[in-house]
Participant: 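Here it is, the structure, as structure tokens.
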Amino acid sequence: MKVAPVLAIIPAIIPALISLCLSACNEPTEQVRQQPHKITAIAPQVKAVTVTQQYVCQIQAHRHVKIRALEKGYLEEILVKKGQVVKEGDLLFKVVPAHYQAKRDLALAEAKLAELESEKLKEDIKNKVVSEKEVALHEAKLANAKAKAALATDKLSLPNIYAPFDGVVDGLNHLQGSLVKEGEILATLSENSVMRAYFNVPEVGYLEYMADRKQQPEALPVELMLGSNKKFNQVGKIAAIHSNFDHETGTITFRADFPNPDRLLRHGQTGAVLISRVVKNATVIPQRATFELLHKRYVYVVDKNDVVHRREIVIQNEFEHDFVVKSGIGVNDKIVLDGIRQLHDGEKVEYEAQQPEQLSSKYKAE
């Protein structure tokens, strides 16, 4: 047997064997690729949905004032406690300024002296010692002295602090017997029968709200979510909108008023305002029918030839399990519901149509 001719044949045989093996390996793969994926497809729902927007808010009392000392003096008596509910006109603090007491005593003494002089002049006129004109002048001086005494008496009670309205006392800053200065803060008083929630709304939200208010002139109801993650038991309404946008944040401030009959809400509390609006003819699809790529949202749309195509969509609102689509698909499109991870753009599929009625009809905004 000659070895050289055999060795010469081997280089020609090896490429043929490799090509045969590759063909054998690729044949099942091509068969698999030619076999269409079986998927579930649906048509988007078009319906009215309630969209709820949530905004962090700062809660303030309807009226919140700082009670200040009107004059310098000693805090003789504190007649309220922290957190106490008071009525309009209730005496809160007694402040005694020593110099007012002295001025009142001096005015009373001058009035008494003027009165005695007037009595003496009346006797002198009987004896024709003085003229009637002189008596009248002294009587005028007596009236002036009495008026000064009355004013000094009123000023003595002026530093006493009374409640200007019904409310809750807070922030007692001094102890009884303290020397307080004029204008010094003694406490705060909050009128919290109605509470105001202030929150910032972006320009898009503002425009949507104004469009809704044009269609529905009466005030739209709003809700309040408390820190306990529970809703406040009273419904409020939008009471005011500031005139200017904040150019740094691009937002405008809204104010919602809430009744507070049980005095649960307090000044300085925080929460979240919930504004609900009905979006008519909204295009709704399940979230699981979408996928994200490079910060964009896509779906697979099945064409008339049963071939899927990737299509970008724009999300308008997001719910717990669904999306409201602003643009990208329509009611006549068929989108892939399940199995989107195994699909490729341009791939032929077999699909089972699922009716929109089989989807959830409950839409709650996050």
Side-chain angles (χ1 to χ4, degrees), residues 52-70 75 77-95 159-176 178 180-201 205-206 209 213 218-246 249 251-276:
T52 301
Q53 299 290 344
Q54 180 171 307
Y55 304 98
V56 177
C57 68
Q58 181 75 34
I59 301 171
Q60 298 181 11
H62 176 61
R63 286 187 286 183
H64 180 78
V65 298
K66 295 177 181 179
I67 305 297
R68 299 178 181 270
L70 300 176
L75 191 56
E77 193 172 356
I78 301 175
L79 302 171
V80 291
K81 297 179 180 179
K82 189 174 182 179
Q84 180 178 333
V85 178
V86 297
K87 296 293 185 181
E88 181 180 353
D90 287 353
L91 180 60
L92 307 180
F93 302 97
K94 284 186 177 180
V95 181
N160 292 338
I161 308 298
Y162 298 87
F165 49 80
D166 297 353
V168 179
V169 177
D170 201 1
L172 296 175
N173 298 322
H174 298 278
L175 299 176
Q176 186 172 338
S178 302
V180 295
K181 299 178 181 179
E182 180 181 352
E184 196 165 359
I185 298 174
L186 303 179
T188 58
L189 182 65
S190 300
E191 197 279 289
N192 59 358
S193 62
V194 176
M195 302 299 288
R196 295 175 170 179
Y198 292 88
F199 56 100
N200 296 325
V201 178
Y206 165 77
Y209 172 80
R213 195 171 71 171
E218 62 272 15
L220 298 173
V222 296
E223 297 177 295
L224 179 63
M225 186 72 73
L226 302 178
S228 59
N229 208 27
K230 293 183 179 179
K231 287 184 180 180
F232 184 51
N233 59 6
Q234 299 290 327
V235 176
K237 62 181 181 180
I238 302 297
I241 303 174
H242 284 196
S243 58
N244 298 325
F245 274 87
D246 186 332
T249 62
T251 61
I252 190 169
T253 301
F254 278 52
R255 193 194 89 205
D257 290 353
F258 291 88
N260 190 32
D262 300 326
R263 302 298 194 272
L264 176 63
L265 302 180
R266 295 298 177 100
H267 182 83
Q269 202 170 342
T270 59
V273 169
L274 306 177
I275 301 180
S276 298

Participant: Evaluate the side-chain proximity of Leu226 to Leu265: yes if any heavy-atom separation is below 4.5 Å, no if none is.
Facilitator: yes
Participant: Dump the intermediate steps for side-chain contact (heavy atoms from CB on, under 4.5 Å) on Phe258 and Leu264, then the final yes or no.
Facilitator: CA-CA 11 Å; Phe258 291 88; Leu264 176 63; over 6 Å; no
Participant: Tell me, with the steps shown, if Gln176 and Leu75 meet side-chain contact (heavy atoms from CB on, under 4.5 Å).
Facilitator: CA-CA 6 Å; Gln176 186 172 338; Leu75 191 56; 5.6 Å; no
Participant: Is there a donor-acceptor contact under 3.5 Å from the side chain of Asn260 to the main chain of Asn192?
Facilitator: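 Between the backbone of Asn192 and the side chain of Asn260 there is a qualifying donor-acceptor contact (under 3.5 Å).
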Participant: How close do Phe165 and Ser190 get, heavy atom to heavy atom, and via which atoms?
Facilitator: CE1-C, 4.1 Å
Participant: As an exercise, state the distance from CG of Leu172 to OG1 of Thr188, rounded to the nearest 0.5 Å.
Facilitator: 8.0 Å
Participant: I need the minimum non-hydrogen distance between Tyr209 and Ile241, along with the two atoms involved.
Facilitator: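 Here Tyr209 and Ile241 meet closest at CE2-CD1, 3.8 Å.
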Participant: Would you list the pairs meeting salt bridge (Lys or Arg N to Asp or Glu O under 4.0 Å) in which at least one residue belongs to residues 251-264, sequence neighbours left out?
Facilitator: Arg255-Asp257
Participant: Can you tell me how the ring of His267 sits relative to the ring of His64, calling it parallel under 30°, perpendicular over 60° and tilted otherwise?
Facilitator: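 The arrangement is parallel - the two ring planes meet at less than 30°.
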Participant: Among Leu92, Leu189, Leu91, which residue meets the side-chain contact (heavy atoms from CB on, under 4.5 Å) test with Val80?
Facilitator: Leu92
Participant: As an exercise, state the distance from NZ of Lys94 to CD of Glu77, rounded to the nearest 0.5 Å.
Facilitator: 5.0 Å
Participant: Taking C-beta and beyond as the side chain, do Val273 and Phe254 meet within less than 4.5 Å on heavy atoms?
Facilitator: no
Participant: Would you say Gln234's side chain and Gly236's backbone share a donor-acceptor pair under 3.5 angstrom?
Facilitator: no
Participant: Do you know which two heavy atoms are closest between Met225 and Leu274, and how far apart they sit?
Facilitator: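 Minimum heavy-atom separation between Met225 and Leu274: CE-CD1, 3.8 Å.
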Participant: Can you tell me how far CD1 of Ile161 sits from CD1 of Ile78, rounded to the nearest 0.5 angstrom?
Facilitator: 12.0 Å
Participant: Check Ala272 against Gln54 and note the closest heavy-atom contact, atom names and distance.
Facilitator: CB-CG, 3.8 Å
Participant: For the ring pair (Phe, Tyr, Trp, His ring centres under 6.0 Å) test, which of Phe199, Tyr55, Phe245 pairs with Tyr206?
Facilitator: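 With Tyr206 as partner, ring pair (Phe, Tyr, Trp, His ring centres under 6.0 Å) holds for just one option, Phe245.
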Participant: Working to the nearest 0.5 Å, report the span between CG of Leu224 and NZ of Lys231.
Facilitator: 10.5 Å
Participant: For Thr249, which residues count as a side-chain contact (heavy atoms from CB on, under 4.5 Å) partner, sequence neighbours excluded?
Facilitator: Asp246, Thr251
Participant: What is the distance from atom NZ of Lys181 to atom CZ of Arg68, rounded to the nearest 0.5 Å?
Facilitator: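 Here the interatomic distance stands at 13.5 Å.
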Participant: Give me the atom names and distance for the closest heavy-atom approach of Lys82 to Asp170.
Facilitator: CE-OD1, 2.9 Å
Participant: Rounded to the nearest 0.5 Å, what's the gap from NZ on Lys81 to CD on Gln84? Could you check?
Facilitator: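 That separation rounds to 7.5 Å.
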Participant: Donor-acceptor pair, Gln58 side chain versus Gly268 backbone, under 3.5 Å?
Facilitator: yes
Participant: What I'd like to find out is whether the side chain of Asp166 reaches to under 4.5 Å of the side chain of Glu88, using heavy atoms alone.
Facilitator: yes
Participant: Got Glu184 and His174 here, is their nearest side-chain heavy-atom distance under 4.5 Å?
Facilitator: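 Result yes, sub-4.5 Å side-chain heavy-atom pair found.
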Participant: Where is the tightest heavy-atom contact between Cys57 and Ala197, given as atom of each residue plus distance?
Facilitator: SG-CB, 4.0 Å
